[in-house]
Amino acid sequence: MKITDVDVWVVNLPLVNPFTSSFETKTGETRTVVRVRTDAGVEGWGETMWGAPVAAIVRRMVPDLIGTSPFALEGFHRKQHMVPFFYGYLGYAAIAAVDVACWDAMGKATGQSVTDLLGGAVRDEVPITALITRADAPGATPADLPKAMAEHAVRVVEEGGFDAVKLKGTKDCAGDVAILRAVREALPGVDLRVDPNAAWSVPDSVRAGIALEELDLEYLEDPCVGIEGMAQVKAKVRIPLCTNMCVVRFEDFAPAMRLNAVDVIHGDVYKWGGIAATKALAAHCETFGLGMNLHSGGELGIATAAHLAVVSSTPVLSRAIDSMYYLHADDIIEPLHLEQGRLRVPSGPGLGVSVDEDKLRHYAGVNERDGDLTG
């Protein structure tokens, strides 16, 4: 079985509500979608983060893909190993789009799910995290914001059945602490997390971390910049520290371990360059006694299905994962069903999802009209 064609689209899809972090507010997501077609009539679908820049990198790879087997992933990764060196995250994301499409094709060719190809399921449902941001309390004054955010968190948990809640933090460190106190008072039994995306200084991270210790957070994610900064915070704060920003490639792993900078690492198929790389990260985390979870970069259904396959087949991924999937207003597949805060792992061949090509073309047209969404 050989690859004969590779098609690439960039799509814009809306979010249900604006989503605010410490560095942006966005109302939709731009994603790159890839289809590999083979001489055996088998198609494989992939999806990854970002738009035009990643799509351009994927298109540069196409001549190297034509005539090769979707099963020949080791050779593909070896041939493209310098792409992340030149393009950073964009390079990893482009490689992951093709990687996931090939896994989907392999599963369809063999009649097996990607989960089974990865070793089989250790869980059939994956809990996801309720994500809350200050955009969820529009019009609230600073004094009223903690109460408004806590009330919103209660509604989300009651409606969605979530067991974990994550606040996207801001540069307002003291305000985030106040919000978390209000949320913890309103929801004493949930797993609670905060992620300022490295917006706090080291001194503010220490001060906030000590103040938050009484709230029994599951972890504090990327309060400050870099491995050195995280190590300083970890030395003084008893809350476990998680990162999606200072350990983002395998070259970062050893320095983080030497400095004892983190307790939990967020993987991501699209930021780490594919499914096998994410599984390798899980093995590193288990070997060194670290926790692991998955980051969300705004995945639609194809990418979410790949994340679910990885989580389903990876024992260390036992926490509620980050997923913005339920925040999208539409999808380019038949939507995955969220029930009691959990997504069921698709069981069909490959990723187990079917692409609605009419919707794909529609949202590709939206991107052609509006360009990539940047916030």
Side-chain angles (χ1 to χ4, degrees), residues 20-24 49-50 83-93 96 129 131 133 166-177 180 192-213 217-273 277-278 280-298 316 319 321-322 375:
T20 296
S21 66
S22 62
F23 59 92
E24 67 174 351
M49 54 179 67
W50 293 301
V83 170
F85 177 81
F86 290 110
Y87 297 105
Y89 283 169
L90 301 179
Y92 283 119
T129 309
L131 301 170
T133 85
K166 174 175 170 176
L167 170 68
K168 291 297 287 186
T170 67
K171 296 177 182 178
D172 178 13
C173 176
D176 289 341
V177 171
L180 288 163
L192 189 58
R193 314 163 182 168
V194 59
D195 175 17
N197 287 110
W200 302 348
S201 67
V202 169
D204 282 347
S205 298
V206 171
R207 187 159 48 247
I210 292 172
L212 291 169
E213 286 179 351
L217 297 190
E218 188 177 12
Y219 49 70
L220 172 57
E221 182 180 345
D222 288 311
C224 60
V225 173
I227 291 172
E228 292 278 353
M230 292 282 281
Q232 292 180 57
V233 175
K234 191 173 183 310
K236 297 177 181 178
V237 174
R238 290 181 296 172
I239 302 170
L241 292 192
C242 172
T243 187
N244 162 59
M245 296 180 70
C246 72
V247 181
V248 295
R249 54 184 187 156
F250 288 104
E251 293 91 329
D252 300 325
F253 200 94
M257 295 304 95
R258 281 196 295 268
L259 289 177
N260 191 30
V262 297
D263 300 287
V264 180
I265 294 176
H266 268 197
D268 185 319
V269 166
Y270 311 99
K271 287 186 69 174
W272 284 78
T278 309
L281 176 63
H284 279 63
C285 289
E286 285 196 287
T287 299
F288 285 86
L290 299 180
M292 182 177 168
N293 207 345
L294 287 192
H295 160 264
S296 177
V316 72
R319 306 170 188 268
I321 66 168
D322 282 1

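Along the sequence shown, the residues carry numbers beginning at 1.
- Under the 4.5 Å side-chain criterion, counting only non-hydrogen atoms from C-beta, Lys171 is not in contact with Pro196.
- Applying ring-ring contact (aromatic ring centres under 6.0 Å, His included) to Trp272 and the options Tyr89, Phe250, Tyr92 leaves one that passes, Phe250.
- A donor-acceptor pair shorter than 3.5 Å can be found between the side chains of Asp268 and His295.
- What you find for Met245 and Asp222 is that their closest heavy atoms are N-OD2, 3.2 Å.
- Pairing each heavy atom of Lys236 with each of Glu213, the nearest pair is O-OE2, 4.3 Å.
- With a 4.5 Å cut-off on side-chain heavy atoms, Val247 and His266 do not count as touching.
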Go through the steps for Leu294 and Thr278 under the test side-chain contact (heavy atoms from CB on, under 4.5 Å), then give the verdict.
CA-CA 9 Å; Leu294 287 192; Thr278 309; 4.2 Å; yes
Could you go step by step and tell me if Val233 and Cys224 meet the side-chain contact (heavy atoms from CB on, under 4.5 Å) rule?
CA-CA 8 Å; Val233 175; Cys224 60; 3.8 Å; yes
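- Taken from CG in Leu217 to CG in Leu192, the straight-line distance is 5.0 Å, to the nearest 0.5 Å.
- In this structure, Met230 CE and Glu221 CD are separated by 8.5 Å, a value rounded to the nearest 0.5 Å.
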Working for side-chain contact (heavy atoms from CB on, under 4.5 Å), residues Asn293 and Glu218:
CA-CA 12 Å; Asn293 207 345; Glu218 188 177 12; 5.7 Å; no
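- Note: Ser205 OG to Leu220 CG = 7.0 Å, rounded to the nearest 0.5 Å.
- A distance of 7.0 Å separates NZ of Lys166 from SG of Cys242, quoted to the nearest 0.5 Å.
- Counting only heavy atoms from C-beta outward, the side chains of Val206 and Gln232 never approach each other to under 4.5 Å.
- One distance of note links CG of Asp322 with CG of Asp195; it measures 7.5 Å at 0.5 Å rounding.
- With hydrogens and angles ignored, the 3.5 Å screen pairs a side-chain donor or acceptor of Asp263 with a backbone N or O of Leu241.
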Derivation and outcome, side-chain contact (heavy atoms from CB on, under 4.5 Å), residues Met257 and His284
CA-CA 11 Å; Met257 295 304 95; His284 279 63; over 6 Å; no
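- When atom types are taken as modelled, the side chain of Thr129 and the backbone of Leu131 share no donor-acceptor pair closer than 3.5 angstrom.
- Exactly one residue among Asn197, Thr133, Asp176 makes a side chain to side chain donor-acceptor pair (under 3.5 Å) with Lys168. That residue is Asn197.
- Annotation: side chain of Phe288 is not in contact with side chain of Ile265 (no heavy-atom distance under 4.5 Å).
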